[in-house]
Amino acid sequence: MPCGCKILLLLLKSAIIQMNSDTSGAIRISRVKMRDLSASWVWENPMDVHHDQSTSSETVVDSFHSGIRSGENVEHYSDGHQDGRIPYLYNSSMSPVKRMRQIARKERRDLRTAQLIQQDKETDNQMAQAAIERSKSLDTTVKRKYNIWRRDFVHPHSDSILKLMQDQMIMAKAYASIAKSKNESEIYSALMAHSNASQSAIGEAHSDAELHPSALDQAKAMGHILSRAKDKLYDCDIVARTFRAMVQSTEDKVTAMKKKTAFLIQLAAKTIPKRLQCLPLQLAADYYMQGYYSKQDLDKEKLEDPSLYHYAIFSDNVLATSVVVNSTVLHAKEPEKHVFHIVTDKLNFAAMRMWFLVNPPMKATIQVENIDDFKWLNSSYCSVLRQLESARTKEYYFKVNHPTTVSAGEDNLKYRNPKYLSMLNHLRFYLPEVYPKLDKILFLDDDIVVQKDLTPLWSVDLQGMVNGAVETCKESFHRFDKYLNFSNPKISENFDPNACGWAFGMNIFDLKEWKKRNITGIYHRWQDMNEDRTLWKLGSLPPGLITFYNLTYPLDRGWHVLGLGYDPALNQSEIENAAVIHYNGNYKPWLDLAVSKYNSYWSRYVMFDNHYLQFCNIRQ
């Protein structure tokens, strides 16, 4: 703006009216929005008597206030500021009440802000104090890793030296192979020597803290020899081929180890511990030496009374059978109405009978029988016994013509266990013949534990079905296609591959309906068709699924929980609330292989104070 011009500025809310005169005396008026002003403008209070004379031309504003328009006067409100700046402009027509409300709102906002800031400070103080208290209980002396589940990546630098040395050993093996092929004997010997030294330094370490003190020096020495080997032997194609060969060799070793592991697991699961061998031997000796063999069974009339609760247990394991009986009787509301029919083999008959003669369960009735006394069970009637006499079956199960090896045959080792052709395992398909005068019977495996009264099972309406069992299928698991060979038309044309499987171990059988539908005849027909093992391979469950197809009533899952012999991740509440828990699988509770957290459910029913168990060193 030209110097010497007189300027009149009128402030009207958000706009400025500018009046100025030029050298000829003409007056010009213009309107400027306040938002269009540059940041260099400074507002000053025209009432401030201390302003210098440079602002005198702007003070004329006050003299023109009365000439603009009534009610549009503006005043400067500095909100307590003393520097003459005007941060707020208020309409002079605002009533005192409205202005007081505005001031009160601002005060309330300021008070609320102060309160929130104070709360934040108190929260921060509390968090800091809690952190201090937690730090007091932290053991800062622990320097090694303590995560037993994931030994890698617990700390990004906790095993850097260990991993370096392991990688060096892999590289050393690769270069040693190349050196040997090129007759570089010096480098080969040096690589092998350093590799052995590194292996010794690593030992059983899983972190740097566990390494031998010389490990770092050994890693440096190995680095030098690897550098020499690389300079002299490195060729990309040769190294790549060497690594491929190493990978293939490692995979072959893993496969071999898996076979060995499977063999050893099966061996451990089927091998009877010495203390369990001692028990039947001692019982059998006393059975004959002390004259118990002459004692007769009591309550014979109860053995055929269909109004009582009858159980069938087929086992050659005295200790396991005692747990089944003890746990069942302990939870029975009327134990005097429960009758246990135990069938064992000739080898264990004396021991089994002796145990229940000297340790009778309270009020319950026990019958122990020898399967060899069932003269009707012979090869002319029983398919399994007939198959056992065939040369092909003997060759498959017993390998009579050549020695058994870990890798022998393509089939899984457990399929070759002769126990799956044991008549104790298949006697369940002859229940009406064994107990012709009974109407219903509850079948129990010897690896189960009863945790509730089972008498309500006799009242379950099976709706015309023969077998009452708990189904085991979950989504796509444990359906018929898991057990049967559906590539065979005899199977695919008669059964649904998605049909739900069920479990032996706790089954309520309607023996009247069994006889009516000729269940044993159905079993014989399919067992005869499977003599060459092309329909199924393993045990009694597959023929059971076939025999009772569309004849099985699904019981509530709470009656029977399975998997305690192989699955360590079962739901604890389901186990505790189940009527029967089943240790199906290799990890039986009487073996050292057992899942330790499930042991207590079984061991609480073992009579550890019994002198036979103490003599044989069977302890909790």
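Basis for what follows: all heavy atoms, side chains included, without hydrogens, waters or symmetry-related copies. Predicted model only: the values in this text are computed from it and were never measured.
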- request: Compare every heavy atom of Asp453 with every heavy atom of Ala332, then report the nearest pair and how far apart it is.
  value: CA-OD1, 3.6 Å
statement: For Ala499 and Tyr549 the tightest heavy-atom approach is CB-CE1, 4.1 Å
task: Please state whether the rings of Phe504 and Trp502 are parallel, tilted or perpendicular, taking 30° and 60° as the class boundaries.
output: perpendicular
- prompt: Do the side chains of Asp316 and Phe314 get nearer than 4.5 Å, heavy atoms only?
  reply: no
message: Rounded to the nearest 0.5 Å, what separates atom NE2 in His206 from atom CG in Leu211?
response: 11.0 Å
Expected list for residues 170-192: side-chain donor-acceptor pairs under 3.5 angstrom, two or more places apart:
unit_1 : atom_1 : unit_2 : atom_2 : d
Ser181 : OG     : Ile178 : O      : 2.6
Ser189 : OG     : Ser185 : O      : 2.9

- prompt: Which pairs, with at least one residue in residues 240-252 and sequence neighbours excluded, count as a side chain to side chain donor-acceptor pair (under 3.5 Å)?
  reply: Gln248-Asp252
Modelled atom types, side-chain donor and acceptor of Asn359 and Tyr612, under 3.5 Å: no
field: With sequence neighbours excluded, residues passing ring-ring contact (aromatic ring centres under 6.0 Å, His included) with Tyr553
entry: none
task: In plain terms, say whether Lys588 and Asp446 are close enough for a salt bridge, that is, a side-chain N and a carboxylate O under 4.0 Å apart.
output: no
- line: Nearest heavy-atom approach of Asp556 to Val470 is O-CG2, 3.5 Å
query: Among side-chain atoms of Asp532 and Thr534, is any donor-acceptor pair under 3.5 angstrom?
result: yes
- prompt: Are any of the side-chain nitrogens in Arg275 or Asp592 under 4.0 Å away from the carboxylate oxygens of its partner?
  reply: yes
message: I'd like to check Asn507 versus Arg428 (side-chain heavy atoms, cut-off strictly below 4.5 Å). Are they in contact?
response: no
- request: Mind checking side chain to side chain contact (heavy atoms under 4.5 Å, CB included) for Asp235 and listing every partner two or more places apart, or none if nothing turns up?
  value: Asp237, Ile238
- request: For the residue pair Arg228 and Ile225, establish whether any side-chain heavy-atom pair is separated by less than 4.5 Å.
  value: yes
- prompt: About how many Å separate SG of Cys500 and CG of Leu545, when rounded to the nearest 0.5 Å?
  reply: 9.5 Å
field: Those residues that, when tested against Asp609, pass salt bridge (Lys or Arg N to Asp or Glu O under 4.0 Å) (two or more places apart)
entry: none
query: Looking only at heavy atoms, which two atoms of Trp559 and Pro456 are closest? And how far apart?
result: CH2-CB, 3.9 Å
task: Measure from the side-chain N and O atoms of Lys537 to the backbone N and O of Asn485, and report whether any donor-acceptor pair falls under 3.5 Å.
output: no
field: Flag if over 12 foreign heavy atoms under 6.0 Å of NZ, Lys230
entry: no
message: Between Val325 and Phe356, is there a side-chain heavy-atom distance shorter than 4.5 Å?
response: yes
field: Straight-line distance of Asp567 CG to Tyr598 OH, nearest 0.5 Å
entry: 5.5 Å
statement: Taken in chain and number order and not counting sequence neighbours, the residues that satisfy side chain to side chain contact (heavy atoms under 4.5 Å, CB included) with Asn530 are Leu535, Trp536
- request: Check whether any side-chain heavy atom of Ser322 lies under 4.5 Å from a side-chain heavy atom of Met607, and answer yes or no.
  value: no
- prompt: So, do Asn317 and Trp590 sit near enough that their side-chain heavy atoms are less than 4.5 Å apart?
  reply: yes
Side chain Tyr583, main chain Asn599, donor-acceptor under 3.5 Å: no
statement: Nearest heavy-atom contact between Ala503 and His560 is CB-CE1, 4.1 Å
task: Please check if the side chain of Asp208 supplies one atom and the backbone of Leu162 the other of a donor-acceptor pair under 3.5 Å.
output: yes
field: Ile581 side chain near Trp602 side chain, heavy-atom distance below 4.5 Å
entry: no
task: Would you name the heavy atoms of Ser315 and Leu424 that are closest together and state the gap between them?
output: C-CD1, 4.1 Å
